[in-house]
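This is a predicted model, so every value here is computed, not measured. Within every chain, numbering begins at 1; the chains are lettered A, B, ... in the order of the sequence lines, protein sequences first and strands thereafter. Note that these values count all heavy atoms, side chains included, but never hydrogens, waters or copies made by symmetry.
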Amino acid sequence: MADDKKLPTRAEDFSAWYNEVVLRAELADYSPVRGCMVIRPDGYGIWERIQRGLDDMFKATGHRNAYFPLLIPQSFLSKEAEHVEGFAPETAVVTHGGGKALEEPLVIRPTSETIIYAMFAKWVQSYRDLPLLINQWANVVRWEMRTRLFLRTLEFLWQEGHTAHATHDEAEAETRKMLGVYRTFMESFMAMPVVTGRKTESEKFAGALRTYGCEAMMQDNKALQAGTSHNLGQNFAKAFELKFQTESGGTDFAWNTSWGVSTRLIGGLVMTHGDDKGLRVPPRLAPTEVVIVPIWRSDDEKARVLEAAHKLVAELGDYALGDARLRMHVDARETMKPGAKYYEWELRGVPIRLEIGPRDLDKQQAVVVRRDSGEKKFVPLATLGAELKATLAAMQDAMLAAAKERREAHSIRGAITWAKFKDVMDGEGAFVYAGWCGDPKCEAEIKEETKATIRVLPDAEFRTPDAPKSCLKCGGKATEEALWAKAY
RNA sequence: CGGGACGUAGCGCAGCCCGGUAGCGCACCUGAAUGGGGUUCAGGGGGUCGCGGGUUCGAAUCCCGCCGUCCCGACCA
């Protein structure tokens, strides 16, 4: 760890604080190649929890995992006009293989629509083959100009779901269902509340009919696009001849959806829950839920407390317990004083610290310390398991509630003038729910002047925003048409 | 690709103005003590001073060129 014992405070410099937390909590490191990121075991452990949580939900909604190639013929990308326009500028291209120039360059996937729908076209003959519900866990490469650990790296890990359906309505329902899956995951696992809704034309996925997104508020009041779900219409089906025979005997192009979340979620986690001591990981997402710090002064005491610690892990952390087990770790390092260990585990965000010393054993108790609130309790060993589980569940709820409360405290609803809006965006930032302009120039103009964009058009029913609405800049009319914020 | 700053040990930095053959803190290694909120003492290892050229008896230091990184813009999950 660095010599500097203090993190920059969030309030002073949010970016510096974020980078320090990610590096010092050992979630990730910079790679020798600019813009690429090495995800270290602590960071990957969180990703594994995200994978497991989402994968269970995907399975429950009928999706199956598959894997498609990293390399895509360049011509594939060009088959859908908007898609190539959107992604071509940020692709990495392989021009040589085996020492020879390739006849056709290969693109390293920035996303896999093209290769996947090319394969779907081979697999789908009839309406009986639909819906086809596939997901893949993969890495993709997008050649971004500026990068930030987890939030925007040249290469990132993600999950991309791809489906084919017989009708528009079925595809639309799928698109919205998966957005709902993301929302549930982000709120119930990550304790990260999100605003869901439809994206505007300017923020739509390249090649989609409609895009929906999840937006979370970070602690600097900026928005993070945490996940997207697209109704691709028949655009890709037409480009890749993904046709099927209908029930009535005719042929039609399939309707596709795609949806994804990435390792960016880890960045969102840090920026949602981190505090001046470092990271805070919500229990359901924490690779380690409980860390035991044994305390001793002599070899005899050491033997005693370590035995007690390992007994607890055997009882409560046994893998044979399955999902009922607590994910525990005993920090038995000899050379570190307990205080130093406390600071380190706080930095890493482990939800509960359990202190066990000789004085505790004499009283048949342990000290339970919550990472979120710092609250410290003495708990009898006899009821420890139940107490830990209850505390973890309470923390999960408390963290979501706190994040929601924080977001609402920095949300502006109702009447707002253009002058006030500009003031807010130039200053602290906020989620502003306000009228928007149907004229795309208006959104662009406001972005130009304030850096704020329409994150989503939030609505439980995802209404279709075809009609021009009141313009924030011209009229400043108080409606709740759009969520405006500065974004990552 | 435009504007700014910076490249000296794993990390953070001093030294450069005024040239004399590299130093500090942390981390790391060894030993001992210590251990309920960032231990202490003693000893030790580790550096092509970003790269290339020039000036000079002598360059981390001065001059020229190049490369790289970071920050601010334009672009984006």
Side-chain angles (χ1 to χ4, degrees), chain A residues 1-8 13 15-16 19-20 23-24 26 29-35 85-91 110-111 139-160 182 199 202-206 211 213-216 223-230 258-268 277-278 293-302 305 331-347 353-363 365-367 369 374 376 378 447-448 451 453 455 487-488:
Chain A
M1 240 182 290
D3 66 324
D4 211 0
K5 282 176 178 160
K6 279 188 192 136
L7 292 164
D13 189 341
S15 300
N19 277 316
E20 285 287 315
L23 293 171
R24 302 241 307 257
E26 297 186 354
D29 203 350
Y30 295 105
S31 86
V33 176
R34 177 197 74 88
E85 195 185 321
F87 282 105
E90 57 183 45
T91 52
T111 177
N139 54 342
V140 291
V141 169
R142 297 183 188 175
W143 215 262
E144 305 291 351
M145 304 223 164
R146 268 180 81 187
T147 59
R148 270 190 93 186
L149 290 168
F150 286 116
L151 298 183
R152 185 164 294 106
T153 45
L154 291 196
E155 180 190 2
F156 56 94
L157 304 183
W158 78 346
Q159 144 291 302
E160 49 180 325
Y182 286 156
K199 290 277 183 186
S202 55
E203 300 263 333
K204 190 183 77 171
F205 176 77
T211 290
C214 305
E215 296 285 331
L224 182 78
Q225 181 171 309
T228 48
S229 184
H230 318 289
S258 71
W259 25 274
V261 300
S262 72
T263 36
R264 175 176 248 214
L265 285 177
I266 298 172
K277 291 178 175 176
V293 178
I295 291 144
W296 65 77
R297 280 163 306 192
S298 66
D299 283 352
D300 284 352
E301 287 180 355
K302 178 180 153 189
V305 294
D331 185 355
R333 286 175 292 181
E334 311 248 355
T335 53
M336 235 172 151
K337 289 177 76 170
K341 292 179 182 177
Y342 298 168
Y343 279 96
E344 187 181 311
W345 292 112
E346 279 164 359
L347 173 64
R353 178 178 79 237
L354 197 63
E355 303 170 15
I356 304 180
R359 295 209 291 270
D360 298 312
L361 289 184
D362 291 343
K363 297 183 208 161
Q365 65 174 27
V367 183
V369 185
K376 199 176 215 177
F378 298 90
K447 182 180 180 181
E448 176 81 19
K451 308 278 184 241
T453 50
R455 303 317 306 154
Y488 276 99

- [ ] For A:R297, enumerate each residue passing the salt bridge (Lys or Arg N to Asp or Glu O under 4.0 Å) test, keeping only those at least two apart in sequence or located in another chain.
- [x] A:E301
TODO: Taking atom C1' in both B:C49 and B:G19, compute the distance separating them and give it to the nearest angstrom.
DONE: 15 Å
Open item on the list: Please enumerate all residues that pass ring-ring contact (aromatic ring centres under 6.0 Å, His included) together with A:W296, with sequence neighbours excluded.
Closed with: none
TODO: Please work out if A:E346 contacts a base, only the sugar-phosphate, or nothing of the nucleic acid, heavy-atom cut-off 4.0 Å.
DONE: base
Open item on the list: By the 4.0 Å heavy-atom rule, please label A:R353 as base, sugar-phosphate, or nothing.
Closed with: base
- [ ] Remember a base hit wins even if backbone is also touched, and classify A:Y488 as base, sugar-phosphate or nothing at under 4.0 Å, heavy atoms.
- [x] nothing
TODO: Measure from CG on A:D29 to C1' on B:U69 and round the result to the nearest Å.
DONE: 14 Å
Open item on the list: Could you identify the nucleotide paired to B:U55, looking across every strand shown and requiring Watson-Crick or G-U wobble geometry with both distances under 3.5 Å?
Closed with: none
- [ ] In whole angstrom, give the distance that lies between atom CZ of A:R148 and atom C1' of B:U69.
- [x] 17 Å
Task: Among B:A74, B:C75, B:G38, the nucleotide that comes nearest once only the side chain of A:Y343 is considered - done: B:G38
- [ ] Using the C1' atom as the reference point in each nucleotide, state the distance between B:G3 and B:U48 in Å, no decimals.
- [x] 33 Å
- [ ] With sequence neighbours left out, write down each residue that passes ring-ring contact (aromatic ring centres under 6.0 Å, His included) with A:Y488, or none if nothing qualifies.
- [x] none
Task: C1' spacing across the pair B:A22 / B:C63, given as an integer number of angstrom - done: 23 Å
TODO: Could I get the full list of salt bridge (Lys or Arg N to Asp or Glu O under 4.0 Å) partners for A:E155, not counting sequence neighbours?
DONE: none
Open item on the list: Please name the nucleotide paired to B:G73 by Watson-Crick or G-U wobble geometry with both distances under 3.5 Å, or report none.
Closed with: B:C1
Task: A:L7 CG - B:G38 P separation (whole Å) - done: 17 Å
- [ ] Quick one: label A:K451 by what it contacts on the DNA or RNA (base, sugar-phosphate, nothing), any heavy atom closer than 4.0 Å.
- [x] sugar-phosphate
- [ ] Can you label the angle between the A:Y182 ring and the A:W259 ring as parallel, tilted or perpendicular, going by 30° and 60°?
- [x] perpendicular
- [ ] State which of B:A74, B:C75, B:A77 makes the closest approach to the side chain of A:K447.
- [x] B:C75
Open item on the list: Restricting to ring-ring contact (aromatic ring centres under 6.0 Å, His included), what partner residues turn up for A:F150, sequence neighbours left out?
Closed with: none
- [ ] May I ask you to say what A:T453 touches in the nucleic acid, namely base, sugar-phosphate or nothing, with a heavy-atom cut-off under 4.0 Å?
- [x] nothing
- [ ] For B:U39 and B:A27, measure between their C1' atoms and round to the nearest Å.
- [x] 16 Å
Open item on the list: Without decimals, in angstroms, what is the distance between A:F150 CZ and B:A77 C1'?
Closed with: 14 Å
TODO: In whole angstrom, give me the gap between the C1' atoms of B:C6 and B:A60.
DONE: 15 Å
- [ ] Can you tell me the distance, in whole Å, between the CG atom of A:D331 and the P atom of B:G38?
- [x] 15 Å
- [ ] For side chain to side chain contact (heavy atoms under 4.5 Å, CB included), just list the numbers for A:E355 and A:Y342, CA-CA rounded to whole Å, side-chain angles, deciding distance to a tenth of an Å, and then say yes or no.
- [x] CA-CA 10 Å; A:E355 303 170 15; A:Y342 298 168; 3.1 Å; yes
Which protein N or O atoms sit under 3.5 Å from an N or O of nucleotides 34-36 of chain B?
from, atom 1, to, atom 2, distance (Å)
B:G35, O2', A:W296, O, 2.7
B:G35, N1, A:E334, O, 3.2
B:G35, N2, A:E334, O, 2.2
B:G35, N2, A:M336, O, 3.4
B:G36, N7, A:R359, NH1, 3.4
B:G36, N7, A:R359, NH2, 3.4
B:G36, O6, A:P358, N, 3.4
B:G36, O6, A:R359, N, 2.8
B:G36, O6, A:D360, N, 3.2
B:G36, N1, A:D360, OD2, 2.4
B:G36, N2, A:E355, OE1, 3.3
B:G36, N2, A:D360, OD2, 3.0

- [ ] For nucleotides B:G38 and B:A5, find the distance between their P atoms and express it as a whole number of Å.
- [x] 42 Å
Task: Whole-Å gap separating P (B:A27) and CD (A:E344) - done: 13 Å
Task: Sugar-phosphate, base or nothing in reach of A:L224, heavy atoms under 4.0 Å - done: nothing
